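Proteins come first, then strands; the chains are lettered A, B, ... in the order of their sequence lines, and each starts at number 1. The structure displayed is predicted, hence computed values, not measured ones.
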Amino acid sequence: MPLSRNNKASIVTLIVDYDAGNLASVKRACQQVGLDAEFCADPDQLRHAKRVIFPGVGAAGSAMASVKARGLDEALREVISNGCPVLGICLGMQISLDYSEENDTPTLGLIAGEVTRFRMDRPDLKVPHMGWNEVCVQQAHPVLEGIEAGDEFYFVHGYFPTPKDNAAILATTDYEGHFASAIGKDSYIGTQFHPEKSGRVGLRLLSNFAQWDGQC
Amino acid sequence: MLSKRVIACLDVRDGHLAKSVKFVNTQNIGDPVEKAHEYYIDGLDELVFYDITASSDKRNIMLDVVESVASQVFIPLSVGGGIRSVSDATDLRLAGAEKINVNSAAVKRPELIDECASAIGNQNVVLSMDIRKVTKSSDIPSGYEIVINGGRSPMGLDALVWALDGEKRGAGELVINSIDADGTKDGYEIELTSMIAQAVRIPVIASGGAGLPEHLYEVLTKGHADAALVASMVHYGDYKVSELKGYLHDQGLKIRMSW
């Protein structure tokens, strides 16, 4: 996929397009906060990104297969080691851990920990966890700035992340107990919720990300 | 803990907003894009567009409506009406719809649910059901029957059986629309909503009959619904979305109050 403008390869934000999913809503929300983003499925192009958004579509197994087949896993590791700000969303966040119970999938291992399914043994608990829920910030982070107690974000997921190291947990949400709804390490941050579908607070998060230099 | 959702449904015909009463005598009441944005700013949790355009050559108008809404409204957007294939669903998704509502076409060909679920994910497939109360019989043991064609054609299909089948086939959510209550403003069909909501493990959206804030409270508590769908009570300015949410919050329900 060619970039729309010449010689801007090093200053653009790229939305990683690793599957045939619908990523248009992420792009629209980026536009709304003044972040000019392009779709990208090419690892070499990804290596030159200034900022990367890694959204999620489908299931962990097919997503990882697609990421690997395109060589996007190595490119992603590289940009993160160079300090490039990366935002993972939903499944894009989940595959940043070591392992996902979904399709028994070894994942990228950017953050130590696992992804497991909500337990189905409580009849009143509906899975997927779908709708608006509170995100409680546990650690100040430039991308989470301005998110206040009681602010809610939109979630749609059946699996959730558990980082090994508490230092990687940036925010939590309560559904069958508390789970990590935002995680991060170095220049990587991932959210279980969808900032692009979360109204004003979601746009605030994207706008914070647009200005983040990757330092915590 | 999840918040209960308030969802506004906008019926769109030929690109204009329409509101049906018992599915007949639809009248134009404004611009859907403008209304959608107004509700978004006022704290709406989710939007549903229902395309009631009759002629198929005008159906592309809906894609334009969805696209302009999606570029200024950043909450989940669901679209239904006339979806017969995965390709209809995909077109709407590319235009900016998050979720796809299937209804009549799924009753006629239930595999449509399986196909859409595997193409766009279970969580994005909403099974919308139009339901009428009937005398209990061996064919309709729950006493609620699925109807299509805007309520004109009874299908001999039990609503509870269809809800469970839809869940099994991969629907991620159900809309329970009572044809009897639709447009009456007398309140939702509580018995029907509660029966289905307690039988399935997926979220249930109650639809049809809302006229007062109390009706929403009733269906979100006694009716066990996860979300309440409103239409005319907000379209004609009787209530504001924020007013409804404020009322539900004051009654002690978990409601998203900061937007």
Side-chain angles (χ1 to χ4, degrees), chain A residues 19-33 56-59 62 90-91 118 120 122-135 146-158 173-178 194-206, chain B residues 1-7 40-47 66-77 89-100 118-124 126 167 172-173 197-205 224 226-227 245 249 254-259:
Chain A
D19 212 331
N22 176 23
L23 310 173
S25 59
V26 174
K27 187 173 177 174
R28 284 193 188 91
C30 285
Q31 271 164 355
Q32 183 73 11
V33 300
V57 283
S62 56
C90 198
L91 182 66
F118 286 114
M120 292 291 283
R122 265 178 50 190
D124 56 324
L125 196 75
K126 298 194 172 180
V127 178
H129 171 227
M130 184 194 288
W132 296 83
N133 204 335
E134 266 172 68
V135 170
I147 295 169
E148 290 166 13
D151 281 348
E152 297 186 28
F153 289 77
Y154 189 76
F155 290 84
V156 186
H157 62 120
T173 292
D174 181 20
Y175 195 63
E176 189 213 344
H178 295 269
H194 290 267
E196 77 279 13
K197 286 285 160 187
S198 295
R200 180 185 54 82
V201 289
L203 294 177
R204 171 68 195 262
L205 187 148
L206 288 174
Chain B
M1 191 182 160
L2 271 179
S3 289
K4 297 282 188 183
R5 285 171 281 160
V6 174
I7 302 176
Y40 165 63
I41 294 298
D42 198 33
L44 188 72
D45 296 316
E46 193 165 329
L47 254 177
V66 170
E67 208 164 320
S68 13
V69 171
S71 63
Q72 42 185 298
V73 168
F74 300 96
I75 53 175
L77 177 58
T90 311
D91 288 349
L92 286 162
R93 291 257 302 161
L94 287 174
E98 206 69 31
K99 305 181 188 179
I100 297 304
S118 76
I120 64 171
N122 292 25
Q123 72 278 8
N124 294 320
V126 183
E167 177 182 30
E173 239 175 347
Q198 291 186 278
V200 298
R201 296 288 305 263
I202 50 179
V204 160
I205 301 166
H224 295 96
D226 300 279
K245 292 183 69 171
H249 177 74
K254 174 86 173 13
I255 295 289
R256 178 176 69 110
M257 289 306 290
S258 93
W259 55 79

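For the pair B/Gly96 and A/Arg28, the tightest heavy-atom approach, listed with the atom from each and the gap, is CA-NH1, 3.5 Å. For the residue pair B/Gly172 and A/Met130, the shortest heavy atom distance occurs at O-CE, 4.0 Å.
For B/Ile120, no part lies under 4.5 angstrom from a heavy atom of chain A. Neither the backbone nor the side chain of B/Lys4 comes within less than 4.5 Å of any heavy atom in chain A. Using a 4.5 Å cut-off between heavy atoms, B/Arg256 contacts chain A through both its backbone and its side chain. With a 4.5 Å cut-off on non-hydrogen atoms, B/Asn122 does not touch chain A at all. In this structure, the portion of B/Ala95 lying under 4.5 Å from any heavy atom of chain A is its backbone and not its side chain.
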Could you walk me through whether B/Ser258 and A/Glu152 satisfy the side-chain hydrogen bond (donor to acceptor under 3.5 Å, both in side chains) test, starting with their C-alpha distance in whole Å, then the side-chain angles of each, then the deciding distance to 0.1 Å, before giving a yes or no?
CA-CA 7 Å; B/Ser258 93; A/Glu152 297 186 28; over 6 Å; no
As a quick check of understanding, evaluate salt bridge (Lys or Arg N to Asp or Glu O under 4.0 Å) for A/Lys126 and B/Glu173, giving each step before the final call.
CA-CA 11 Å; A/Lys126 298 194 172 180; B/Glu173 239 175 347; over 6 Å; no
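In terms of heavy-atom pairs under 4.5 angstrom with chain A, the leader among B/Lys99, B/Gln198, B/Glu46 is B/Lys99. Each of A/Glu148, A/Glu196, A/Lys197 has some count of heavy-atom pairs under 4.5 Å with chain B, and the biggest count is that of A/Lys197. Looking only at heavy-atom pairs under 4.5 Å with chain A, the residue among B/Ala70, B/Ala119, B/Gly43, B/Gly121 that has the most is B/Ala70.
To the nearest 0.5 Å, the span separating CD on B/Gln72 from CD on A/Gln32 amounts to 8.0 Å. B/Met1 contributes atom CE, which lies 10.5 Å from atom CD of A/Glu134 (distance to the nearest 0.5 angstrom).
Looking at B/Arg201, its side chain does come within 3.5 Å of a backbone N or O of A/Leu125 through a donor-acceptor pair.
Side-chain contact between B/Leu2 and A/Trp132: absent, with no pair of heavy atoms (C-beta onward) separated by less than 4.5 Å. Taking the side chain as every heavy atom from C-beta outward, B/Ile75 and A/Tyr154 never approach each other to under 4.5 Å. Looking only at side-chain heavy atoms (C-beta outward), A/His129 and B/Gln123 stay at 4.5 Å or farther from each other. Taking 4.5 Å as the limit, some side-chain heavy atom of B/Lys254 sits within range of a side-chain heavy atom of A/Asn133.
A cation-pi arrangement, defined by a distance under 6.0 Å to the six-membered ring centre and an angle within 45 degrees of its axis, is absent between A/Arg200 and B/Trp259.
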